[in-house]
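Since the structure comes first, as structure tokens, the remarks are kept for the end.
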Number of protein chains: 2
Amino acid sequence: MASGTLLYAQSGGVTAVINATASAVIQSARARKVKVLAARNGILGALREELIDTSKESISAIRALAHTPGGAFGSCRVKLKSLEDDRAKYERLLDVLRAHDVRWFLYNGGNDSADTALKVSRLAREFDYPLTCVGVPKTVDNDLAVTDCCPGFGSAAKYTAVSVREAALDVAAMADTSTKVFVYEAMGRHAGWLAAAAGLAGNGPDEAPHLILFPERPYDEADFFAKVKATVERVGYCVVVASEGIQTADGRFVADAGGGKDSFGHTQLGGVASHLAGRVKDALGYKVHWALPDYLQRSARHVASKMDLQQAIAVGNAAVDYALAGMNAVMPVIVRTSEEPYRWTIEPAPLTKIANREKKMPAGFLRRDGYGITQRARLYLEPLIRGEAPPPYGRDGLPAYVSLKNVAVKSRLAPWAG
Amino acid sequence: MASGTLLYAQSGGVTAVINATASAVIQSARARKVKVLAARNGILGALREELIDTSKESISAIRALAHTPGGAFGSCRVKLKSLEDDRAKYERLLDVLRAHDVRWFLYNGGNDSADTALKVSRLAREFDYPLTCVGVPKTVDNDLAVTDCCPGFGSAAKYTAVSVREAALDVAAMADTSTKVFVYEAMGRHAGWLAAAAGLAGNGPDEAPHLILFPERPYDEADFFAKVKATVERVGYCVVVASEGIQTADGRFVADAGGGKDSFGHTQLGGVASHLAGRVKDALGYKVHWALPDYLQRSARHVASKMDLQQAIAVGNAAVDYALAGMNAVMPVIVRTSEEPYRWTIEPAPLTKIANREKKMPAGFLRRDGYGITQRARLYLEPLIRGEAPPPYGRDGLPAYVSLKNVAVKSRLAPWAG
């Protein structure tokens, strides 16, 4: 066994395929005889010295991770501040890494995580501690810089396009006497990537989704109502996909408007779809249904994209390669080498170019009227949802997802006071 | 070709597999050289004389129907009144049937549709018109009398159990620093069949879903809060599945409480999950997420139950057999002939025993504390979600669902004035 330990941790919102990355990391490291610890609940586990010994898991369990959604070791929503403001935390982190002879730190997350990995690597250099930090990309939001796309996005995109196509068939059948407008709410607070993916469900103005609302375009209610009405009159029904993050021209989130009180005066955790549904019903009198898939869209491993799965595995393998090669402060990113046919490869990119940045959707992806996607967007999105990779199912009709043993490593330091 | 025409129509909420029944009906009738017309938008198409000539569809299109969700000919939410109150409509219906030499009428729906089919058959007898009426079961609500289960339910049940299992893995990973309570809203206004199916996602008190709220049990907020709090403290998070139809002890729908106004004073089309999420956040302070899959749960053909699909096909085939054998005013129902191993067969049941009745969930299916399902319920539910029957996917990563040509038959009567 090589000297030193590899520490892997998951950060931020989990996805249908982040565990596939974890599976690849562990298998790849095992093949090189490198010991892998996983931090429980992301960076918090590293701070608290709550570390999991992955060598206690069978190879079949590690393989099954590749078809199990969620985050097998736990994730966290914690953003460390700057090196100066949170110096004690960064130093504690380094203490834990040192105590467990961690020589390679792989942080699997979004742009915040890339930032954390970058700072840990700087501190290690400052203290002359030999540590290689590698960021590993994941996010259903598809908003990481440099990489062409983000592992996790393709599967959520496929879920979105499939669900909208299916629900649209339902609405079409019912529209004559019942529901005429259906609103589907997609994740995406700052960028409409998932809403855009819904556009793959249909083609041409009469196929659902008929209207997509993007956070990139100001929401104009009167114009939206007119479009809904025209669609219902022309097609018989109207399927709307709305990003949770749409805003009015004065910069207010439409979703916040839904965060009112119910008739008992209690907090109503509404969303964009609920708000739009109520408004359309009030203004146009149509029967409206709406759906809010929430976590379902990012955990739906049963309808994962095979392309996304392959990329999630590829970044995991590459991250181990880079780490063991001593390539510090980099992230394996996906590079699109050919558009038609779609081809991609993995390359290292410096974390400095990724940390804290956010990739917006190109303006050329939105139709001029702002309610749909362009051919350019289709060309980008379609390969990402290509192929199926269903999990194995048990005789009970349910996907056979694995639960790891998650055996804790014995602590070597005093408990963290943070 | 046999003399006379078979008319098939779809009614009420559509399902992931009602088109599989249609496909079986058409293929079965074609094999017997019987011409099949389909009414556009259910009984309305029959009243309006909007009939579709299914012989214009290719055999490959009819086969593809078996993996296409929604209602291929359109459905409707129309309940005819009693024979006395709506006599003109029933007579118009008979006129249309007569004009197109319809000798067999197959109505694919729930208990209202069974009632309509029954009344049409009575009227035909009264007018001495030779017509055989057969009801064909479908409903995700699983509330039809006599039949052991309803085609459409198994697939919606599988969607529910799979989705809850997946979302629960997501919540488990995030709970330490983020969402601690997740609420999933299941269809079921009067009976909690789909909420019960969510119970298949886990086993034992620590596995999700931790709490299921059924319309069969009065909703007691204080007790529910205590249970949520205890679960979060014991497990770290709590996954709740709520039937849309839950009521307080005084008989008020909890969902109505959500139908309030947002901060702009506009109608807020809330639901149970939204209401519960707001209340739990207010009362317990936990971060809460919630999902409302709405039509997604009944159109998710991509995760259909193979057992459900087989039963949807079997009732279609049997309906044609019964019709051509002149068995009037019956419905093919599913009979469970063995519990372990699960075995079933199709038998005819008189519509009189099905029309307008509603099957409730047996009391023995609910756990004594009211928040979960019993072993007895598991034994009933589990076979219904067994097996996978994914649709074919295109190279674009989307299910290859079929759109029929739906060629209209020329009218032979004056337009309907109704």
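Chain A is the first sequence line, chain B the second, and so forth, proteins listed ahead of strands; every chain is numbered from 1.
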Checklist entry - Got A:D396 and B:L200 here, is their nearest side-chain heavy-atom distance under 4.5 Å? => result no

Item to check | Heavy-atom closest pair, residues B:P293 and A:A291 | outcome: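 Smallest interatomic distance, heavy atoms only, reads O-CB, 3.6 Å.
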
Next on the checklist: Give me the atom names and distance for the closest heavy-atom approach of A:E382 to B:G397.
Outcome noted: OE2-N, 4.4 Å

Atom [atom1] of [X] and atom [atom2] of [Y]: how far apart are they, to the nearest 0.5 Å?
{"X": "A:F182", "Y": "B:D294", "atom1": "CZ", "atom2": "CG", "answer": "5.0 Å"}
{"X": "A:D176", "Y": "B:R48", "atom1": "CG", "atom2": "CZ", "answer": "4.5 Å"}
{"X": "A:R77", "Y": "B:K287", "atom1": "CZ", "atom2": "NZ", "answer": "5.5 Å"}
{"X": "B:Y295", "Y": "A:H289", "atom1": "OH", "atom2": "NE2", "answer": "3.5 Å"}

Contact part of [X] toward chain A, heavy-atom cut-off under 4.5 Å: side chain, backbone, both or neither?
{"X": "B:A201", "value": "backbone"}
{"X": "B:L44", "value": "side chain"}
{"X": "B:Y342", "value": "neither"}
{"X": "B:R40", "value": "neither"}
{"X": "B:T68", "value": "side chain"}
{"X": "B:R386", "value": "both"}
{"X": "B:F73", "value": "neither"}
{"X": "B:A172", "value": "neither"}

Heavy-atom pair count under 4.5 Å with chain B, highest-scoring of [options]:
{"options": "A:V78, A:V303, A:V171, A:N19", "value": "A:V303"}
{"options": "A:D170, A:I385, A:T177", "value": "A:D170"}
{"options": "A:L398, A:V14, A:N41, A:V162", "value": "A:L398"}
{"options": "A:K306, A:Q10, A:R301, A:M307", "value": "A:R301"}

Keeping [X] on the side-chain end and [Y] on the backbone end, is there a donor-acceptor pair under 3.5 Å?
{"X": "B:S75", "Y": "A:A173", "value": "no"}
{"X": "A:R165", "Y": "B:P399", "value": "yes"}
{"X": "A:E166", "Y": "B:P69", "value": "no"}

Checklist entry - Should A:Y159 and B:L296 be marked as a side-chain contact (heavy atoms from CB on, under 4.5 Å) after you check the CA-CA gap, both sets of side-chain angles, and the distance that decides it? => result CA-CA 11 Å; A:Y159 172 93; B:L296 273 54; 3.6 Å; yes

Checklist entry - Who wins among B:T15, B:V164, B:L169, B:I18 for the most heavy-atom pairs under 4.5 Å with chain A? => result B:L169

Item to check | Residue selection (most heavy-atom pairs with chain A, distance under 4.5 Å) from B:A300, B:S403, B:G12 | outcome: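 Among B:A300, B:S403, B:G12, the one with the most close pairs to chain A is B:A300.
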
Item to check | Proximal component of A:S178, with respect to chain B [non-hydrogen, under 4.5 Å] | outcome: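 Contact with chain B involves the side chain of A:S178 alone.
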
Checklist entry - Which word best sums up how the rings of B:W290 and A:W290 line up, parallel for under 30°, tilted for 30 to 60°, or perpendicular for over 60°? => result perpendicular

